[in-house]
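A quick write-up on the structure given underneath.
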Amino acid sequence: MKGKKILLGITGGIAAYKIAFLIRLLKKEEAEVKCIMTPASCDFISPLTIATLSENPVYIEFWNQKDGQWTNHVNLGMWPDVFLIAPLTANTLAKLATGYCDNLLLATYLSAKCPVMIAPAMDLDMYVHPTTIQNLVNLASFGVQILPAEEGFLASGLIGKGRMTEPEDILIKLKEFFNIGESLKGKKILLTAGPTYEHIDPVRFIGNHSTGKMGYAIAEEFLKRGAKVILISGPTKLELVHPNLQRLNVITAEDMLFQVQQQWSECNAGVFCAAVADYRPVYRENQKIKKKDEEITLTLVKNPDILAWAGQHKNSSQYLVGFALETNNAIDHARKKVQNKNLDAIVVNTLENEGAGFGHDTNKIAVLSKDFQLIDFPLKSKKELAKDLVDFISNSF
Ligand code: PMT
């Protein structure tokens, strides 16, 4: 982090006391730190503490009452490599999301040219309130990177989601941002994630329950290790922002195939986690199908197998991993997929296991390599499994 310029915005929540530790961690890493505090945050931690630890004056007001000097928020916004607002209260979040500008921190946010990260912290009911969720969605859509609040004990005495990400984890995120985890630097990974939707008419489609969680966790893990990721994503509500990420949104299997065909030859490895519809309606009706007959018949036609296409067009240095979602005889089915689709390995998950497959934050997987070696992983969070999987893949190519 040597020489990296971090502008820290501190707002008025109890987690402000943790910012002293974050500043210490950043200074130990030889980063340059400047801080803007909202007036409310000064009730939670003293500006003297922040100024002493950051080794810089603290900016609070638009102008200094003692000497009448103006604090130039435009210059402040141009100074950093990244502007991190932590902790971020519900109040300042709402103001950021709607363009309010009634303090120095907000004015600097509006004029900042650099990437912005936020670490929200608030009580659990505030965190899940629809306005908070909408404000976070809005900020994410502006390209702001969100470091989501964590579960645990809250200052209110309640237990739940709302704790600010710990300073050590914020430091990891900042290092990822600056690509300081570099074991896969120079590698390019193609990932597919989420479902595909196959149109029936303008209002209906054939889809499946994939949320994209598994695929996005893998994308995030590759990014943490310095790889470039091309994420071809079916429809999902998930957000992922990173300078090394190229996200290509698709709807149908045919769209996904097109994007894979454009990208695959440039990549060192492919991980195909998307739940692709095997069939699509032969025709997409132009108008909404009207309810008339007691029964109607929908004729489906087979979709292209995208993973099999990548297997056929794989060169000797490319490493290709598929997923198999099964409901019975998982390993037998997976073995056939490895052979038929010319894969180096396949990740098997089965709906027979509680907490595995679609939608959950957890999964239970086994990795079957092309020489039919099987590695079993216990039920874990998808994020932890993504680490195991990226360890496995990066040892193999
Ligand atoms: O997204 P989540 O909610 O987190 O859920 C994760 C998951 C369950 C979707 C994921 O773990 C998973 O299993 N993904 C693959 C689902 C699937 O479609 O499996 P399959 O056995 O039908 O397909 C085998 C492989 O071929 C997959 O890599 C699939 O991406 C690929 N495929 C399938 C059909 C097709 N037409 N083209 C393909 O590329």
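Sequence positions, counted from 1, serve as the residue numbers for this chain. Counting starts at 1 for both ligands and their atoms, following the listed order. Every value quoted in this text rests on a predicted model; they were computed, and no experiment measured them.
Using a 4.5 Å cut-off on side-chain heavy atoms (C-beta onward), Y59 and P47 make no contact. No side-chain heavy atom of N244 sits under 4.5 Å from any side-chain heavy atom of V229.
For N249, the side chain to side chain donor-acceptor pair (under 3.5 Å) criterion is met by R247, not counting sequence neighbours.
Both the sub-6.0 Å distance and the 45° axial angle are satisfied by R335 relative to the ring of F372.
Sorted by chain then number, the residues whose non-hydrogen atoms approach ligand 1 to under 4.0 Å are S210, T211, G212, K213, M214, F272, C273, A274, A275, V276, D278, P304, D305, I306, L307, G322, F323, A324, L325, K337, K341, N349, G357, F358, G359, N363, K382.
Electrostatic pairing of E221 and K224 counts as a salt bridge here, judged by a charged N lying under 4.0 Å from a carboxylate O. Salt bridge K2/E29: absent, no basic N to carboxylate O contact under 4.0 Å.
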